[in-house]
Asker: 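One structure is given below, represented as structure tokens, and several questions about it will come after.
In what follows, every chain begins at residue 1, and chains take the letters A, B, ... in the order their sequences are listed.
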Amino acid sequence: MLMAFLNGKLSLRQTNMEDMLTSNVFGLMRYLPPSKLLLPFLALAVDSDGRHLLSGLDETSEVSYDFWPTYKEARCNSCEPDVVLKIDEPNGRRIILLIEAKYLSGKSSEADENTRPNDQLAREWDNLQPIAVREGHEPILLYLTAGLSFPSEDISASQKELIKAQKSSGIMCWLSWRHLYAITKDSEHARLKDLSCLMDKMQLTFFSGFSQVQNVPPINWQFKKNFEWEMGNIPNLRWSFER
Amino acid sequence: MNENGENTNNLIKQMARLYAEISLLLRTADKMMLDKDWEPAAGNTALQGSRNIDAPNYWIPQDVFRFYSNNNHEQILAYIAVTIFHRDNESKLEEPLLTCGWLDYGNGNKLATWDYWYAHIHLYQKKFEIDGKMRPIDAAFFEKELRKKNIHSAYSLAVPLMDITGTGSLDTKIIKPLIAEVESSNESNI
């Protein structure tokens with residue numbers, strides 16, 4: 001899929017681009033040691049107070065990936081997050097990280113009048129919490145977007161609904177796809193280079209100056225101003241209106 | 001492929017790339033301004049031009065702009081803009097600029113309407129400097145064009161666009177001077 005996109009076989013207008021991006025990026029991460037890409041990427045995630053909740057994770061952690069699982073916990077509205085990671089550190093810390101990935105779209109649902117959370121992130125947290133308790137994991141929700149800065153409005157709307165329904169907020173942090181470019185752009189690893197090209201092609205980068213402009217030779221093309229219609233001889237008309 | 005066609009293709013691709021990078025630069029500026037409580041005053045609008053078949057000179061935008069307002073400075077309209085070329089006087093502008101500045105509608109007044117061309121008022125500075133220093137708009141131009149719009153004063157600065165090489169230089173050359181100058185000007189008016 002990555003090669004198809006890099007070689008122009010898929011367009012940015014592809015309707016499921018969000019899923020393709022998720023598949024390309026996390027599919028690749030799955031086959032690399034966590035220290036190569038996943039952990040440096042997660043380390044850049046921030047919460048609403050600017051704290052890096054996922055930095056300093058042990059490089060030898062074991063990571064499992066679950067793509068698009070469906071969760072329907074008791075008394076919860078169902079949800080389908082994009083990726084769920086389980087990270088087991090050698091020191092015994094166990095994290096379940098639910099990733100909701102966005103590209104061009106916003107949250108798929110907003111808060112409503114029901115008692116259970118309906119806002120997409122709130123609904124996902126609502127499901128994640130009992131799973132984490134049951135499995136002995138520390139739950140964290142990661143909102144992965146194409147944005148340039150922390151999506152305060154989205155996160156605070158979700159937290160507001162959680163507080164209304166559960167009297168407590170969720171542990172949520174944010175990360176941008178754009179961070180991947182910075183991590184991979186100088187890599188010598190072929191797969192990481194490809195990923196860097198993908199991010200560049202999708203314009204998922206942070207501003208870092210302007211590209212070098214190539215010299216374009218003079219374009220010797222001009223539209224001729226005078227039309228020369230070749231209509232041949234037109235015979236005289238032999239018709240007149242008789243009064 | 002025809003060589004001219006290939007060159008044209010290359011030119012258009014580079015222009016598209018340049019616009020994408022200008023968009024990213026200005027969205028980054030939006031975020032930095034928002035962090036200082038300056039909100040976009042014209043939504044997502046960033047261009048003006050023409051779709052008229054008789055006006056090809058206006059098909060390419062002269063500048064890409066962002067305007068900002070702040071509830072604590074209700075009489076101020078700030079802007080940051082990339083001036084790509086000078087439509088009326090090509091020789092005056094040797095390279096694209098990043099400019100910023102503000103228009104002051106006077107104490108007690110609020111922003112009502114404004115024109116998008118304010119984003120390139122720097123081009124009308126009689127002493128046309130590209131040195132990153134904020135200066136009041138040329139008095140003659142101000143009296144002729146801005147006074148009648150109920151504007152009390154206007155300021156601008158410019159730097160070469162290509163001097164902006166990342167968020168650091170955007171902050172030090174544009175955001176910080178703009179905000180510092182607006183705030184000090186506003187305090188001196190009180």
Asker: Which region of Ile22(B), side chain (C-beta onward) or backbone (N, CA, C, O), has a non-hydrogen atom less than 4.5 Å from a non-hydrogen atom of chain A, or is it both or neither?
Answerer: both

Asker: Between Phe206(A) and Leu24(B), what is the shortest heavy-atom contact and its length?
Answerer: C-CD2, 3.5 Å

Asker: Which residues in residues 144-174 of chain A have a heavy atom less than 4.5 Å from any heavy atom of chain B?
Answerer: Leu148(A), Ser149(A)

Asker: Answer with side chain, backbone, both or neither: which region of Arg27(B) has an atom nearer than 4.5 Å to a non-hydrogen atom of chain A?
Answerer: both

Asker: CZ/Phe207(A) to NZ/Lys31(B) distance, rounded to the nearest 0.5 angstrom?
Answerer: 14.5 Å

Asker: Report, as yes or no, whether the 6.0 Å neighbourhood of atom NZ on Lys110(B) holds more than 12 heavy atoms from other residues, nucleotides or ligands.
Answerer: no

Asker: Can you establish whether the number of heavy atoms outside Glu3(B) located under 6.0 Å from its atom CD is more than 12?
Answerer: no

Asker: Keeping Gln14(B) on the side-chain end and Val213(A) on the backbone end, is there a donor-acceptor pair under 3.5 Å?
Answerer: no

Asker: Are there more than 12 heavy atoms of other residues, nucleotides or ligands under 6.0 Å from atom NZ of Lys36(A)?
Answerer: no

Asker: Who among Glu6(B), Arg17(B), Met162(B) has the most heavy-atom pairs with chain A under 4.5 Å?
Answerer: Arg17(B)

Asker: Check whether more than 12 heavy atoms from other residues, nucleotides or ligands sit under 6.0 Å from atom CZ of Phe128(B), and answer yes or no.
Answerer: yes

Asker: Hey, is CZ on Arg191(A) packed in by over 12 heavy atoms from elsewhere, all under 6.0 Å?
Answerer: no

Asker: Name the member of Asp30(B), Leu161(B), Leu18(B) that forms the most heavy-atom pairs with chain A at distances under 4.5 Å.
Answerer: Leu161(B)

Asker: Does any backbone or side-chain atom of Leu34(B) lie under 4.5 Å from a heavy atom of chain A? Answer side chain, backbone, both or neither.
Answerer: neither

Asker: Check Pro218(A) against Asn7(B) and note the closest heavy-atom contact, atom names and distance.
Answerer: O-ND2, 4.3 Å

Asker: Most heavy-atom pairs under 4.5 angstrom with chain A, which of Leu11(B), Asn2(B), Leu25(B)?
Answerer: Leu25(B)

